[in-house]
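Just so it is clear: chains get the letters A, B, ... in the order the sequence lines come, proteins before strands, and each one is counted from 1.
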Number of protein chains: 2
Amino acid sequence: MTNRLSDNQSQLKSYIIPLSTQNFFISFVYMLSKKTKYAIKALVILGKNMTQPPMQIARIAEEEHIPKKFLEQILLDLRNAGYLYSKKGAGGGYSLNKNPEDIYLVDILRITDGPIAMVPCASLKFYHKCEECHDEVTCGIRKAFIDVRDASLKVLSETSIANIIEREKTSIDLM
Amino acid sequence: MTNRLSDNQSQLKSYIIPLSTQNFFISFVYMLSKKTKYAIKALVILGKNMTQPPMQIARIAEEEHIPKKFLEQILLDLRNAGYLYSKKGAGGGYSLNKNPEDIYLVDILRITDGPIAMVPCASLKFYHKCEECHDEVTCGIRKAFIDVRDASLKVLSETSIANIIEREKTSIDLM
DNA sequence: ACTAAGTCTATATACTTTGTATATTTGCAT
DNA sequence: ATGCAAATATACAAAGTATATAGACTTAGT
């Protein structure tokens, strides 16, 4: 095993490819959707608005640079999930239906983007079988991504809208 | 703040929406791409093949039910990144260029899917500014997702192809 | 020289997200 | 009661991306 390796290692030299021919199209798609970003932003701004009358979609859209019609749909989802209160008619608008301390990132993500796990077979709330999978019970990939899910789930379940608002008061330069 | 809340709470009842009208189109897109899944599978099968001669693309494709032409591109990426050794001509094929113990999920993801973080402004290797961001230094969302990134990064940096192969020998029913 | 493999570039297809348009409903204010 | 302000609902258009396929080229073994 190891002699094969060192053999390969030495032969590799002739296979070094110049950077210019590498594929630079990076996929950013498994990242947070704009929908989710907008949702968090709306909840944050409404969380800061707790003592005020309901805030209109138009105003949130303007302040956060979100397309109004798109935001409407997002707020509707959050409302149907019980996180927002809405009032129609003149003087109407949206406000939080829970305390900012009680709205966690994990809840929002599940409403707007769906599963937290990176593979469907590792999802708690949106589980479904991977098509290509030979045997899910022994699948090592699945096990690895269950661990990943647990790690990110922990953070997402501990971070509330209130936390985010609180943290906006301090600066960071750490990365 | 709290009296407004309880007020909202009581008014909510009239706003309960039947499930049937809710949006059931769940986004599965920020999940692992097929490209990455195929990459991991290929590395795993090659990891089990360490003592054998190079394995042909066609064979990997067949065993793992991966479209051959698509797999070609993926293996090429992995090879250009130094993880695979390839040999042309008769008797050619692919083999690992590192020990399975030394190939980590985080490396593979960065080659095939790009960033680990869920927002570009929280990415270590693929950082770029969020367009919509007012002030990155105080952004609470960014801070939260730096924490998420660190959590999943830890697991992805600890899990190697060898770990995955090892774990395939045991069953789990835990979720 | 022939054949078996990987390499490279371009392009087609399908699917999602993102954003827009239009019509409708609800409720406040006068 | 009427008009206006706001949310609700549904459908659809636009843009972008992943996924897959095609074909010509290069390299190496026999």
Step-by-step side-chain contact (heavy atoms from CB on, under 4.5 Å) determination, Lys98(B) to Tyr83(B): CA-CA 6 Å; Lys98(B) 295 174 185 264; Tyr83(B) 290 87; 3.6 Å; yes
Rounded to whole Å, how long is the line connecting atom [atom1] of [X] with atom [atom2] of [N]?
{"X": "Lys35(B)", "N": "dA14(C)", "atom1": "NZ", "atom2": "C1'", "answer": "18 Å"}
{"X": "Leu84(A)", "N": "dA6(D)", "atom1": "CG", "atom2": "P", "answer": "18 Å"}
{"X": "His65(B)", "N": "dA20(D)", "atom1": "NE2", "atom2": "P", "answer": "14 Å"}
{"X": "Tyr85(B)", "N": "dA28(D)", "atom1": "OH", "atom2": "C1'", "answer": "11 Å"}
{"X": "Lys37(B)", "N": "dA20(D)", "atom1": "NZ", "atom2": "C1'", "answer": "16 Å"}
{"X": "Lys87(B)", "N": "dT30(D)", "atom1": "NZ", "atom2": "C1'", "answer": "13 Å"}
{"X": "Phe70(B)", "N": "dT7(C)", "atom1": "CZ", "atom2": "C1'", "answer": "17 Å"}
{"X": "Lys68(A)", "N": "dA5(D)", "atom1": "NZ", "atom2": "C1'", "answer": "10 Å"}

Could you check which of [options] has an atom nearest any side-chain atom of [X]?
{"X": "Tyr94(B)", "options": "dG6(C), dG19(C), dC28(C)", "result": "dG6(C)"}
{"X": "Arg79(B)", "options": "dT19(D), dG19(C), dT7(C)", "result": "dT7(C)"}
{"X": "Gln56(A)", "options": "dT18(C), dA7(D), dG29(D)", "result": "dA7(D)"}

Sugar-phosphate only, base, or nothing, as touched by Leu75(A) at under 4.0 Å among non-hydrogen atoms: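 Counting heavy atoms under 4.0 Å across all strands, no contact is made by Leu75(A).
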Ala90(A) or Leu76(A), whichever maps to the more 5' nucleotide of DNA chain D: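 On the 5' side of the pair lies Ala90(A).
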Nearest-nucleotide comparison on DNA chain C, the residue closer to the 5′ end among Gly89(A) and Pro67(A):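 The residue closer to the strand's 5' end, by nearest nucleotide, is Pro67(A).
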Any residue meeting ring pair (Phe, Tyr, Trp, His ring centres under 6.0 Å) with Phe145(B), in chain and number order, not counting sequence neighbours: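 So Phe145(B) forms no ring pair (Phe, Tyr, Trp, His ring centres under 6.0 Å) with any residue.
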Any Ser86(B) side-chain N or O less than 4.0 Å from OP1/OP2 of dT7(C):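 Answer yes for this pair, as a side-chain N or O of Ser86(B) is under 4.0 Å from OP1 or OP2.
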Phosphate-side-chain proximity, Tyr38(A) and dT17(C), N/O vs OP1/OP2 below 4.0 Å: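 Answer is no, no contact under 4.0 Å.
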Qualifying residues under salt bridge (charged side-chain N to carboxylate O under 4.0 Å, His left out), relative to Lys41(A), sequence neighbours excluded: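 Testing Lys41(A) for salt bridge (charged side-chain N to carboxylate O under 4.0 Å, His left out), a comparison that skips the adjacent residues, returns none.
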All salt bridge (charged side-chain N to carboxylate O under 4.0 Å, His left out) counterparts of Lys125(A), not counting sequence neighbours: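 Not a single residue meets the salt bridge (charged side-chain N to carboxylate O under 4.0 Å, His left out) criterion with Lys125(A).
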Under the side-chain contact (heavy atoms from CB on, under 4.5 Å) test, residues paired with Thr159(A) that sit two or more places apart: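 Result, side-chain contact (heavy atoms from CB on, under 4.5 Å) vs Thr159(A): Leu105(A), Val155(A), Asn163(A), Ile164(A), Arg167(A), Ala144(B).
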Salt bridge (charged side-chain N to carboxylate O under 4.0 Å, His left out) pairs, two or more places apart, involving residues 43-57 of chain B: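 Qualifying pairs, neighbours excluded: Lys48(B)-Glu168(B).
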Exercise: identify the closest heavy-atom pair between Ala39(B) and Thr112(B):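 Here Ala39(B) and Thr112(B) meet closest at CB-CG2, 3.8 Å.
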N/O donor-acceptor pair, side chain Gln73(A) with base dT8(D), under 3.5 angstrom: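 No pair found.
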Pairwise N/O distances under 3.5 Å, protein to nucleotides 22-25 of chain C:
{"residue": "dT22(C)", "atom": "O4", "partner": "Lys69(A)", "partner atom": "NZ", "Å": "2.6"}
{"residue": "dT25(C)", "atom": "O2", "partner": "Lys88(A)", "partner atom": "NZ", "Å": "3.4"}

